[in-house]
Amino acid sequence: MQLKQSFIIALILGLGAVASWELYWRSQGVKPYLDDNKDLWANQRARLDDDNSKMTVFIGSSRILYDIQLDIWEELTDTEPIMLAVQGASPIPIFKDIVDNTNFKGTLMVGITPPLMFSTVYPEAFPMFRAQSKVAYYEDRTYAQRLNHKLSVPLQTNLAFIRDGDEEWDTDVDLKTLLRHIHIGERAGPPPVPFNNFEEIALNRHMKMPEYVTQDTAYANTIKAAWVDMVGGDRPPPDKEATTTTFVELAKKFTARGGNLILLRCPSSGFFKEIEGKGFPRAEYWDQLVEKVGVKAYHYDDYPQFRNLFLPEWSHLATEDAQFFTRELIAIMKEDNALNIN
Amino acid sequence: MLFNSLSFVVFLLIVLVLYYSKLFGWTNKKRMLLIASYVFYGLWNPPLVILLWISTVVDWTAGNKLAVENDIKKRKFWLLLSMFVNLGFLGFFKYGNFLMENFVSVVNALGLDYQPRPMDIILPMGISFYTFQTMSYTIDMYYKRMSPARTFLDFALYVTFFPQLVAGPIVRAQELITQFYESKRATTEQFFWGLFLLTTGLFQKVVLADTLLADVSDDVFGTAKVLHGVDAWVGTIAFSGQIFFDFAGYSTCAIGIALMLGIILPDNFKYPYAALGFSDLWRRWHISLSTWLRDYLYIPLGGNRNGLTRMYVALMITMLLGGLWHGAAWTFIVWGGLHGTYLILERLQKQYLPFKITAYNGIFLAFITFSCVNITWVFFRADTFKKSWDMIKSMFYAQTDGAKILGNFDIIKVCTVIGIMFLCHWFMRNSSLKKLAHKAPPWVLGVAWAVLFFLIVISQGSGEQFIYFQF
């Protein structure tokens, strides 16, 4: 065997193939970007265990993640924003983690997305599981996993074909995803509508709606189609009683230790606004929750300036509108003396 | 730390640079390897390195005492101490919850309402592997099969050597410790062959197991639905491929990494899915465990020295405990029991219905063996007996009204991968990768190597844990 020779051939061909792969995907418009994953979340959660006296913490689902622009928040409130919202998840597991496992008693803003918030408290159900899995990862992550993440960041941000996300976006270009796109017949039913990525996140989990979603209506429509496919099927009925009771208990504990709890209902439009209006009428869900919790609460529909914002895919604000929303919201809350800021 | 992770790439590069630098003599290189091995393990959960230290100190002490002690009672004491500590760790960390659950079930069945607090015991990665490895040293010392390790450093490195620490191969002391006595340096051929094996192992894990097979297996074994027969079979063969590529991939990586350091580890898999019968299977699958069980359990239980009935009992006990070694659940014990039953039936067949294996019936026999093995994998993979039973019913009743959850492409993909795997095992059953590589021109090997590397890179994976770590 002349293994050295084989190795040199393999190295040249292998690196050449990887470089070609990268160039090919770039030519297809794929760009390097950072993935929102459990490591990014855990890093933010770890900050809460340090001196947290000047922090504002955000929990909830993807709406508060997209709609609150952290740079603006930091600039206008002079507090350190910590984004712990989890996409497609109930706020309850994270709220419980903060109440039970931290001494945080600053401002905690909870984004309420009714279909997720009032869905269930069953730990295996996806809105709970998705959030709880982040907490579990934070508690259990190893030093090797931390190191892997640190090493992965420069690769993610410089190579288009590298992905390290927790979501399985159909726009990913790893081999498994590419194979998942192949369908022959409909033996197991029609294939799901592709769910395309619409993330642009920074290391501190400052999320922005990418420009290509805002500017390309056809792309935004693919996400809308996926929402309809995902949300349109039969769903178990909401468990308003259990979710509200659990949330109120946590809220009482948090406020009892001096925490400043604020509820926020972020905007939705189109299909989402319609199904949320029908399935989770404000008077029966949001209003009752606010009344039981007894803290400051802000519903976007109460403010005329929030009624015509641009949500390219019905659920999350375009970046400019998110910046506007954040600024206005801070102004409203300051006027309301909700942030305990002089 | 996982072989299929970025941190391991950096770790290995640092170890190789230090190992081949002229900074250290051989003793210091061994010290460096020992520290690196603790770092390798500690990056997962630092406090659990203490277990490794305790195992090391206890077996080193027991081994030294056994080397000089002639009093039978005292010799037994040192052997039992080693077994008590090692099996005690294994029993507490791996079987603590299982024993408690069964105890609670029995107590509750007797009408007593007892609900203990959950124990929340962490399972130390690879505990079954290193406890078996270190126990083999003390047992061999007890039977005077070997001399004691020359130095504590050699012994500690034997217990902790990072390439095979967490998932084997379970190497005998005689095979590994003696390699540490003299300075080792891989030849160029060994180094590049080791690197090729590392690439091949990662390809098996990242591409074949995780990318091509894991999802189908997870979907089939994860659903609560009663499945169509095709889905149940495809899910099962996907798992049979997944577990082989996952575990054989780890062993191949381990052997390759050790070889890059000039250390030779034994083969752990020899194309097991082309086995002709179950004795042959266990000579090809997880060889280091099956020989361990043979030498330290089956033979001490009497082996085939005390008549047929005692032999069958010894065989069954060995396989049941072999099943339990894999996991703390009754499904694993049933898996072991099925293998024990197969082995007994095979011996009965050889005694009463012998037939000659030819080139024509061989592949058919291998296919029958592979199919029977697949049935055992159902119990190995399913979380509950209900799930196992649902799967078996679907596989044999071929329920046409069962749920179809797999798409045609997934079925074709899995059948193709498993079909190719089976044929490769069949054609390679009396050969080896090294022999094949010897025959290939350098450019062919180079191209194949590049393809493996490229597929690993584009698969990426998310650093999924090797299945056997949990054992």
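Throughout, a chain's letter reflects where its sequence line sits, starting with A, and its residues are numbered from 1. The figures here come from the full heavy-atom set of this structure, side chains too, leaving out hydrogens, waters and symmetry mates.
- At most 12 heavy atoms of other shown residues, nucleotides or ligands fall within 6.0 angstrom of atom NZ in A/K208.
- Between the A/T142 side chain and the B/N45 main chain, no donor and acceptor come within less than 3.5 Å of each other.
- Rounded to the nearest 0.5 Å, atoms CD (B/Q460) and OG1 (A/T177) are 8.5 Å apart.
- For a residue to count as touching a neighbouring chain, one of its non-hydrogen atoms must lie under 4.5 Å from one of that chain's; by this rule B/D410 does not touch chain A.
- Contact of B/P441 with chain A is not made at all, since no heavy-atom distance falls under 4.5 Å.
- If you measure heavy-atom distances from A/L15 to chain B, the contacts under 4.5 Å come from both the backbone and the side chain.
- Of the listed residues B/V39, B/I405, B/L406, the one with more heavy-atom pairs under 4.5 angstrom with chain A than any other is B/L406.
- Using a 4.5 Å cut-off between heavy atoms, A/L178 does not touch chain B at all.
- Put simply, CD1 on B/I412 and CD1 on A/I184 are 4.0 Å apart, with the number rounded to the nearest 0.5 Å.
- Here A/K4 contributes atom NZ and B/L195 contributes atom CG; the two are 13.0 Å apart, rounded to the nearest 0.5 Å.
- Among the candidates A/A17, A/G189, A/S152, the residue making the largest number of heavy-atom pairs closer than 4.5 Å to chain B is A/A17.
- For the set B/V207, B/D231, B/T188, the entry with the most heavy-atom pairs within less than 4.5 Å of chain A is B/D231.
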Give every donor-acceptor pair under 3.5 Å between a side-chain atom in residues 7-17 of chain B and any protein atom, sequence neighbours left out.
unit_1 : atom_1 : unit_2 : atom_2 : d
B/S7   : OG     : A/N148 : OD1    : 2.6
B/S7   : OG     : B/S5   : OG     : 3.3

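- Atom NE2 of residue B/H438 and atom CD of residue A/Q2 lie 11.5 Å apart, to the nearest 0.5 angstrom.
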Audit row: A/R187, B/V230, side chain to side chain contact (heavy atoms under 4.5 Å, CB included) steps and yes/no: CA-CA 11 Å; A/R187 182 179 183 275; B/V230 171; 3.6 Å; yes
List the atom pairs, with distances to 0.1 Å, where a side-chain N or O of residues 443-458 of chain B and a protein N or O form a donor-acceptor pair under 3.5 Å, not counting sequence neighbours.
unit_1 : atom_1 : unit_2 : atom_2 : d
B/W449 : NE1    : B/T199 : OG1    : 3.0

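- Residue-environment remark: NZ (A/K224) exceeds the threshold of 12 foreign heavy atoms within 6.0 Å.
- With chain B as the partner, the residue from A/G16, A/G185, A/G14, A/A10 showing the most heavy-atom pairs under 4.5 Å is A/A10.
- Here A/E186 contributes atom CD and B/K404 contributes atom NZ; the two are 12.5 Å apart, rounded to the nearest 0.5 Å.
- Distance CG/B/L6 to CD1/A/I162: 8.0 Å, rounded to 0.5 Å.
- The neighbour count for A/Y143 OH, taken as heavy atoms of other residues, nucleotides or ligands under 6.0 Å away, does not exceed 12.
- The 12-atom threshold is exceeded at CZ of A/F195, counting heavy atoms of other residues, nucleotides or ligands nearer than 6.0 Å.
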